[in-house]
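Values reported hereafter were calculated over all heavy atoms of this structure, with side chains retained and with hydrogens, waters and symmetry mates removed.
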Amino acid sequence: MSHASTGAAATAAPAPASFFRRALRQKRFVFGLAGTILVVAFAILAPFFSPYGEKETAGPPYSKDGVFGTDYIGQDVLSRVMHGGQEVLTISVLATVLGMVVGVLIGVVAAYTGGWWDEIIMRLNDVLLAFPQILLSLVVLTALRNPSAWVIIVLVAAGHAPRVARVARGVALGIVTRDFVVAAEALGEKRSRVIVAEVLPNMTGPLLAEAGLRLTYSIGIVAALGFLGFAADPGAANWGQMMNENRLGLQTQPWAVLAPVLVIAIFTIATNLMADGLAQASQKGE
């Protein structure tokens with residue numbers, strides 16, 4: 001091997017770390033990911049280990065028996081919390097995914113097409129942003145007798161989509177004018193292929209950070225809707241609904257309200273930390 005090649009190898013810059021590796025170096029992301037996994041595992045596995053059934057009576061109302069006592073009709077609070085997470089988390093995750101997909105599609109198309117199409121799409125997007133997310137959901141749910149889980153998912157996603165679209169458009173605007181996008185267009189690639197193969201892969205970091213933030217908002221909205229009585233299954237355990245059902249006995253048996261609040265708080269803080277860590281990793285990769 002020649003001295004020139006040896007020197008070139010010695011001075012070659014190391015390969016940049018992947019986005020996920022950069023994220024794992026962020027303490028916020030690690031703590032947030034651990035907390036998120038912990039709550040998700042609790043919601044999935046806990047019902048198999050709950051001391052009582054989801055609707056089983058464990059004692060007199062608002063008693064101190066058990067770890068967290070009983071609720072307003074004598075059901076075990078710990079068991080209800082264990083059973084109440086699957087519906088809330090499932091609806092929140094699906095609403096976040098749907099809202100992200102629609103929002104990213106709107107934002108990227110607006111940025112890539114540009115011109116009048118960009119103006120029309122984003123002005124319509126601004127009109128949707130003018131409607132408060134929780135108010136829009138309440139108006140629709142009030143008009144329905146028995147809203148299904150998919151109705152709640154679509155409503156929450158519809159509130160996320162215009163907000164995601166603005167973020168996606170802002171990120172895409174800095175990508176669609178780069179040389180590799182122009183080169184792909186010059187080679188005659190279809191616009192859809194350019195978006196999928198060239199634009200979207202370079203938006204991963206900011207979009208993952210936004211997804212973490214949207215997931216935080218999703219669980220807050222879903223829990224709030226449950227608290228207001230708009231759960232997908234009114235008879236099933238639901239963290240938001242548990243707070244509403246037991247609020248009158250807060251002074252007598254506070255754990256009936258505080259236990260679901262605590263789980264929601266842990267999940268919200270964890271997803272926020274994860275989103276912050278992803279945002280920091282994205283900035284360091286630029």
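With sequence neighbours left out, the side chain to side chain donor-acceptor pair (under 3.5 Å) criterion links R163 to no other residue. With sequence neighbours excluded, the residues satisfying side chain to side chain contact (heavy atoms under 4.5 Å, CB included) with V93 are V97, L215. Every residue was checked against the ring-ring contact (aromatic ring centres under 6.0 Å, His included) condition with Y62, not counting sequence neighbours, and none meets it. Every side chain to side chain donor-acceptor pair (under 3.5 Å) that T216 has, sequence neighbours left out, goes to T271. In this view, W150 and L94, S148, I153 satisfy the side chain to side chain contact (heavy atoms under 4.5 Å, CB included) rule, not counting sequence neighbours.
Within the structure, no pair that satisfies the ring-ring contact (aromatic ring centres under 6.0 Å, His included) test touches residues 184-241, not counting sequence neighbours.
Counting heavy-atom neighbours within 6.0 Å of R123 CZ, excluding the residue itself, gives a total above 12. Under a cut-off of 6.0 angstrom, the local environment of CZ in F31 is sparse, with at most 12 non-hydrogen atoms contributed by other residues, nucleotides or ligands. Atom NZ of K27 is surrounded by 12 or fewer heavy atoms from other residues, nucleotides or ligands within 6.0 Å.
Judged by distance alone, with hydrogens and angles left aside, the side-chain atoms of E56 form no donor-acceptor pair with the main-chain N or O of Q75 at under 3.5 Å.
Residue V104 forms a side-chain contact (heavy atoms from CB on, under 4.5 Å) with just one option from V167, V164, V109, and that option is V164.
No side-chain donor-acceptor contact under 3.5 Å links H160 and T96.
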